[in-house]
Amino acid sequence: MLDIKFIRSNPDEIRDGLRKRRSKLDLEQFLAIDQKRRDLLLETEELKARRNQASGEMARMKKTGENAEPLLAELGIVSARIKTLDEELRGIDQQTSDWVMSIPNVPHSSVPEGVDEADNREVRSWGEKPVLPFAPKEHWELGTALGGLDFETAAKITGSRFVLLKGWAAKLERALISFMLDVQTAENGYDEVMPPVIVNRESLMGTGQLPKFEDELFHLENTNYYLIPTAEVPVTNIYRDTTLAESALPIAHCAYTACFRSEAGSYGKDTKGMIRQHQFDKVELVRFVHPDASYDELEKLLGHAESILQKLGLPYRVVTLCAGDLGFSSAKTYDIEVWLPGQDKYREISSCSNFEDFQARRAGIRFKPADSKKSRLVHTLNGSGLAVGRTMVAILENYQQADGSVIVPEILRPYMNGLEKIELRKA
RNA sequence: GGAGAGGUAGCGAAGUCCGGCCGUAACGCGCUCGACUCGAAAUCGAGUUACCGGCUAAUCCCCGGUACGUGGGUUCGAAUCCCACCCUCUCCGCCA
């Protein structure tokens, strides 16, 4: 959510932001509604001032036994008028808040222009794509043949877009989670938390998934509970409606959770394999920072996510999302894309964003500067560190051997009881 | 799921029966500044909610409004009366 006062006083900046995002929101309409709302508010508040003042008089008259009838009559009229205006105001407030909740964040000036994925800009790449002297297989083929990935049984248990991990794959998933959390807590200063994976509406409002993106969520029937699409939601909401001490910043949390996405509208996309699942594991990094530092913090966060891929020896590139591809709440986002030899392309494995004060305003996350009475909104950032399933995909495809076996990256072996190679055990 | 208690500032808590200078909200704690002190503790004094609108160069003042879990209702007027819902705690039941 943007600051209404900011929208009011910087309409050109908003117009430009909306244009960059190819948004069709009508700013002029909003400005008209906002003007009407303020006029109405002013009138109502004047009447309420009169009522408050007269109420005091009334109390005094009751005490002294004066005749209050004329005042009573006047107040009856005033109160009736207030009631009418309040109702009108409530309607217009709803319109205002609907509009403000539906306006996306303004892209940062460093965000490139563009319409979609194709216009994203590569920042750098890391590592060497493996040279494989055979036709590389895709992860689902490898993983299924090695007995670790079982999509058919998962389809029986639940449905499509689920996977049953067995044996080495289950262990590898768990190894990756532990490895990622260990790096972030021991080397990069994150405090680990394990939050609920079911959250209420208010939390989803706070981070911006609601009200606009209800379709993408699993909603628990007859409740206002939802399955989280990312740990960003519960972790950011730890500090909802909280004023932090300036000295406490930056706050950094990492969290492993399962994530749940309905994937509405992605029919036919990535139907094979583990790339796009309704349920997947992710280690998330969330930072609450001083507004002046948030773009430095974004680079840091990106580095923390990258370090996982480097330790695993997986080649990747970093891209800056163009304005048209930017998420609703984000002012700037870097995607990290890992190289997949089987697919012969880069695929997103992490997304690191600076939301500036967009989420903090919705969620009421502030800090008290040492030199001022007035509290300010923090800036929030988060990034995947990393998507665990896709990391497994990348390991399978990058470390595959001609015989269909897969080498375990050295750094993971302590987490895998020393296992060096995943291969089909002979019966 | 059943019974009971509760939700008021950063924390604790009074006020609710009997509606009206009781919401910058008693009292206590904490925090900030000052006095005393070589310094500290103790003591004494002062200060300390957030948001919205108006005014404004201003996130300073000043003026007004709103908020007592949430949403409605009654009333000239609601923390207080009525209705619905949410949450927390205790006990019971069920349960990993």
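We name chains A, B, ... by the order of the sequence lines, and we start the count at 1 in each one.
- Checking C52(B), C51(B), G54(B) against the side-chain heavy atoms of Ser375(A) singles out C51(B) as nearest.
- Among the atoms of the strands shown, only primed sugar atoms or phosphate atoms (P, OP1, OP2) are found under 4.0 Å from some heavy atom of Leu41(A).
- Under the Watson-Crick or G-U wobble criterion, with both distances below 3.5 Å, A3(B) is paired with U90(B).
- Summarising the base pairing, A26(B) is matched to no nucleotide, lacking a Watson-Crick or G-U wobble pair whose two defining distances lie under 3.5 Å.
- Across all strands shown, A9(B) forms no Watson-Crick or G-U wobble pair with both distances under 3.5 Å.
- Looking only at distances, no side-chain donor or acceptor of Ser330(A) sits under 3.5 Å from a matching main-chain atom of Leu326(A).
- Here Arg366(A) lies in heavy-atom contact (under 4.0 Å) with sugar-phosphate atoms only.
- G34(B) is paired with C44(B) under the Watson-Crick or G-U wobble criterion, all donor-acceptor distances under 3.5 Å.
- We find that Arg124(A) and Glu306(A) are joined by a salt bridge, their nearest charged nitrogen and carboxylate oxygen being less than 4.0 Å apart.
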### Task
Could you walk me through whether Ser110(A) and Lys332(A) pass side chain to side chain contact (heavy atoms under 4.5 Å, CB included), step by step?
CA-CA 8 Å; Ser110(A) 66; Lys332(A) 182 173 186 177; 2.8 Å; yes
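- Between atom CD1 of residue Ile4(A) and atom CZ of residue Arg38(A) there is a gap of 9.5 Å, rounded to the nearest 0.5 Å.
- Residue Arg8(A) is classed as a sugar-phosphate contact, given heavy-atom separations below 4.0 Å to backbone atoms only.
- In a base pair of the Watson-Crick type (N1 to N3 plus N6-O4 or O6-N4) or a G-U wobble (N1-O2 and O6-N3), with each distance short of 3.5 Å, U74(B) is matched with no nucleotide.
- Taking only side-chain atoms of Ser55(A), from C-beta outward, the nucleotide of G65(B), G20(B), G53(B) with the closest atom is G20(B).
- The side chain of Ser79(A) places an N or O atom within less than 4.0 Å of a non-bridging phosphate oxygen (OP1 or OP2) of G77(B).
- In terms of position along RNA chain B, the nucleotide closest to Arg376(A) lies nearer the 5' end than the nucleotide closest to the other residue of the pair Arg376(A) and Glu45(A).
- In this structure, His253(A) and Tyr239(A) have parallel ring planes: the angle between them is below the 30° cut-off, well short of the 60° mark.
- Pairing for C61(B) is absent, with no Watson-Crick or G-U wobble pair whose two atom distances lie under 3.5 Å.
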Which atoms of nucleotides 82-86 of chain B (N or O only) lie under 3.5 Å from a protein N or O atom, and what are those distances?
none

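- Backbone-only contact: Arg90(A) has heavy atoms under 4.0 Å from sugar-phosphate atoms and none from a base.
- Within the 4.0 angstrom heavy-atom criterion, no nucleotide atom of any strand lies near Asn224(A).
- Nucleotide U66(B) forms a Watson-Crick or G-U wobble pair with A50(B), both donor-acceptor distances falling under 3.5 Å.
- In this structure, CZ on Phe260(A) lies 9.5 Å from CZ on Phe280(A), to the nearest 0.5 angstrom.
- Remark: Leu381(A) CG to Leu285(A) CG distance equals 10.5 Å, nearest 0.5 Å.
- Applying the 4.0 Å criterion to OP1 and OP2 of U74(B), one finds that Lys83(A) has a side-chain N or O inside that range.
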